[in-house]
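FYI, side chains are in, hydrogens and waters are out, and symmetry mates aren't considered; it's all heavy atoms of this structure. Just so we're clear, the structure is a prediction, and the values are computed from it rather than from any experiment. To find a chain, count down the sequence lines: A is the first, B the second, and so on, and within it residues start at 1.
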There are 2 protein chains.
Amino acid sequence: METPRHDPAPNPAVRRLSLYLRELEAIRRTDRRTISSKQLGESLGLSDAQVRKDLAYFGQFGHPGIGYKVEELAAQVKHILGTDKTWNVLLVGAGNLGRAMMGYRGFESKGFHLVAVFDADDAKVGQKQGPFVIQPMSELNDTVQSHHVKLAILAVPPDDAQQVGKLLVDAGVRGILNFAPVKLNLPESIAVNSVDLAVQLEQLSFQVNIPPQK
Amino acid sequence: METPRHDPAPNPAVRRLSLYLRELEAIRRTDRRTISSKQLGESLGLSDAQVRKDLAYFGQFGHPGIGYKVEELAAQVKHILGTDKTWNVLLVGAGNLGRAMMGYRGFESKGFHLVAVFDADDAKVGQKQGPFVIQPMSELNDTVQSHHVKLAILAVPPDDAQQVGKLLVDAGVRGILNFAPVKLNLPESIAVNSVDLAVQLEQLSFQVNIPPQK
DNA sequence: GGATGTGAATGCATTCACAGCA
DNA sequence: TGCTGTGAATGCATTCACATCC
């Protein structure tokens with residue numbers, strides 16, 4: 001039941017895989033049952049060759065003369081990404097961003113289930129936020145164990161991020177989505193994905209400043 | 001008063017520029033006045049050569065034998081990114097994510113000033129959220145004009161994103177930070193930066209699933 | 001004919017390694 | 001000696017173009 005993997009798949013290809021899946025799910029809601037690399041590429045601003053090459057890193061999913069079967073490919077990509085089963089996720093930080101994560105509707109349908117929320121602030125601990133009761137950091141280890149949590153969302157102030165990141169790793173978490181504007185210093189084996197909101201705006205600032213280069 | 005630009009600067013270099021700035025601002029809070037490419041690289045997990053090459057795309061900021069003067073380089077990088085002046089930013093979408101953006105403390109100090117919040121939902125219009133009163137979409141054009149808004153944050157449901165993106169562009173917005181999980185179809189000249197939260201988790205899922213490759 | 005999968009060719013980005021300056 | 005800036009060399013990623021299959 002293994003998806004065959006040939007070469008080391010380029011990182012950019014893996015990132016695009018998520019976008020392919022997103023698009024495939026959208027197409028699935030229409031009556032279309034099949035799609036070509038050209039069409040899939042166009043909807044995402046990529047070349048047909050790019051799409052084919054990306055997918056071919058992971059297996060032979062296409063049907064010459066036909067294209068890709070939407071349902072089939074979606075299932076394959078989900079399997080590759082590991083989202084054909086549900087991941088339990090925990091959240092640390094019940095501030096602004098944390099609350100948005102608790103309420104975000106886009107996670108469940110994608111295979112991510114938020115199971116618990118933690119905060120270091122005693123004033124917040126015990127408070128109810130939607131379906132969640134904010135837990136103290138002291139309970140972190142137990143929750144990771146009992147819910148087999150592998151992924152966490154880190155939405156704490158910058159000065160706390162490194163320390164909390166370490167706590168998560170020690171508890172057994174293997175991947176962290178980090179919203180704090182700091183580089184986390186963690187073992188190589190831990191997957192870290194950082195989103196710095198101010199950095200996103202800075203990139204826009206740069207691009208908007210430049211004369212539109214023809 | 002132009003920063004000299006030599007070659008077309010690689011995109012990845014521009015992305016790292018923001019990280020350099022973040023690090024430089026942190027160092028500025030210490031007593032350190034100067035930093036080498038090696039040190040700056042280490043704090044971000046990059047090679048010294050990478051740092052030097054990136055910076056050299058934009059000018060000669062270093063001092064051989066010494067390194068880079070922290071304050072000086074920070075100012076230069078800010079100028080390159082265009083954040084040495086303040087940008088007025090508007091937000092569309094007063095849902096979960098939108099509220100987090102309104103409360104996010106990381107924007108102001110980085111040169112981004114949130115000036116107004118819009119929502120298509122009549123029930124939300126007129127409500128007060130912190131210092132903001134949610135405005136109706138009909139006022140969007142006026143606000144963009146009167147506040148010379150060039151950048152916007154888009155935090156609306158996926159099905160509305162394309163349409164609202166178009167509205168923003170028509171109103172005169174030049175750059176969009178998009179949180180909706182859809183590809184925006186807008187003119188080439190418009191800068192779009194998309195952050196899909198579910199995609200971020202999917203990438204972690206993939207990495208955590210793979211046997212740690214040595 | 002219509003579409004995939006894939007070597008070969010091209011184009012970018014990173015790393016090397018060193019000349020040159022403080 | 002310490003460190004930058006930069007051509008040259010390497011390594012990745014994308015694009016081309018075509019043999020192959022429905």
Side-chain angles (χ1 to χ4, degrees), chain A residues 3-20 23-24 27 32-74 76-77 80 203 206 213, chain B residues 3-20 23-24 27 32-74 76-77 80 203 213-214:
Chain A
T3 305
R5 184 163 306 102
H6 316 130
D7 279 311
N11 257 305
V14 178
R15 282 198 294 275
R16 285 188 296 265
L17 224 43
S18 283
L19 302 182
Y20 298 148
E23 195 62 30
L24 288 167
I27 292 161
R32 181 182 272 289
R33 323 245 69 194
T34 196
I35 189 167
S36 70
S37 58
K38 184 134 183 297
Q39 295 166 319
L40 187 46
E42 259 164 22
S43 63
L44 290 164
L46 305 168
S47 74
D48 55 334
Q50 178 88 84
V51 173
R52 288 201 300 282
K53 186 123 291 197
D54 283 350
L55 295 175
Y57 280 116
F58 300 97
Q60 308 215 143
F61 307 132
H63 305 271
I66 306 292
Y68 301 85
K69 296 184 183 170
V70 176
E71 188 118 6
E72 181 183 292
L73 183 57
Q76 295 274 16
V77 173
I80 296 163
Q203 295 296 303
F206 176 83
Q213 56 220 38
Chain B
T3 304
R5 183 165 306 102
H6 317 129
D7 279 310
N11 258 306
V14 178
R15 281 198 295 275
R16 285 187 296 264
L17 225 42
S18 283
L19 302 183
Y20 297 148
E23 195 61 30
L24 288 167
I27 292 160
R32 181 181 272 290
R33 320 246 70 192
T34 195
I35 189 167
S36 71
S37 58
K38 185 135 184 294
Q39 295 165 320
L40 186 48
E42 259 163 23
S43 63
L44 289 165
L46 304 168
S47 74
D48 55 333
Q50 178 88 85
V51 172
R52 288 200 301 279
K53 187 99 331 171
D54 284 350
L55 295 174
Y57 280 116
F58 300 97
Q60 308 214 143
F61 306 132
H63 304 271
I66 305 294
Y68 301 86
K69 296 184 185 172
V70 176
E71 188 117 6
E72 181 183 292
L73 183 57
Q76 295 274 15
V77 173
I80 295 163
Q203 295 296 303
Q213 56 220 38
K214 194 180 30 315

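Among the nucleotides dT14(C), dG5(C), dT14(D), the one closest to the side chain of Ala56(A) is dG5(C). Considering only the side chain of Ser47(A), dT15(D) comes nearest among dT15(D), dA13(C), dT4(D). Among dT4(C), dA13(D), dC21(C), the nucleotide with an atom closest to any side-chain atom of Pro10(A) is dA13(D). Distances from the side chain of Tyr68(A) to the nucleotides dC16(D), dA3(C), dG5(C) place dG5(C) closest.
As a whole-Å value, the separation of His63(B) NE2 from dA22(C) C1' is 11 Å. Per the geometry, CZ belonging to Phe61(B) stands 13 Å off C1' belonging to dT4(D), to the nearest Å. Following rounding to the nearest Å, Leu73(B) (CG) and dT4(D) (P) show an atom-to-atom distance of 11 Å. For the pair Glu72(A) CD and dA3(C) P, the computed distance is 17 Å after rounding to whole Å. The OH-C1' distance, from Tyr57(B) to dG7(D), rounds to 12 Å in whole Å. Taking atom NZ of Lys53(B) as the reference point, atom P of dG5(D) lies 12 Å away to the nearest angstrom. Rounded to an integer number of Å, the gap from Lys69(B) NZ to dG2(D) P is 20 Å. Following rounding to the nearest Å, Asp48(B) (CG) and dC16(C) (P) show an atom-to-atom distance of 9 Å.
Nucleotides of DNA chain D nearest to Ala49(A) and Ile35(B) differ in position, and the one nearer the 5' end is that of Ile35(B). Ranked by how close their nearest DNA chain D nucleotide is to the 5' end, Pro64(A) and Leu55(B) are led by Leu55(B).
Residue Lys38(A) is out of contact with every strand shown, counting any heavy-atom pair closer than 4.0 Å. Within the 4.0 angstrom heavy-atom criterion, base atoms lie near Gly65(A).
A donor-acceptor pair is defined here as one N or O able to donate and one able to accept, closer than 3.5 Å; such a pair exists between the side chain of Gln39(B) and the backbone of Ser36(B).
The shortest distance between the side-chain N/O atoms of Gln60(B) and the OP1/OP2 oxygens of dG5(D) is not below 4.0 Å. For Gln50(B) and dA13(C), the shortest distance from a side-chain N or O to OP1 or OP2 is not below 4.0 Å. Side-chain nitrogen and oxygen atoms of Ser37(B) include at least one within less than 4.0 Å of the OP1 or OP2 phosphate oxygen of dT4(D). One finds no side-chain N or O of Arg52(B) lying less than 4.0 angstrom from the OP1 or OP2 phosphate oxygen of dG5(D).
Distance check: Ile80(B) CD1 to Phe61(B) CZ gives 4.0 Å after rounding to the nearest 0.5 Å.
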For residues 64-71 of chain B, dump all side-chain donor-acceptor pairs below 3.5 Å to protein atoms at least two apart in sequence or in another chain.
from	atom 1	to	atom 2	distance (Å)
Glu71(B)	OE2	Arg28(B)	NH2	3.3

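With sequence neighbours left out, Asp48(B) forms a side-chain hydrogen bond (donor to acceptor under 3.5 Å, both in side chains) with Arg52(B).
The side-chain heavy atoms of Phe58(A) and Leu17(A), taken from C-beta on, include a pair separated by under 4.5 Å.
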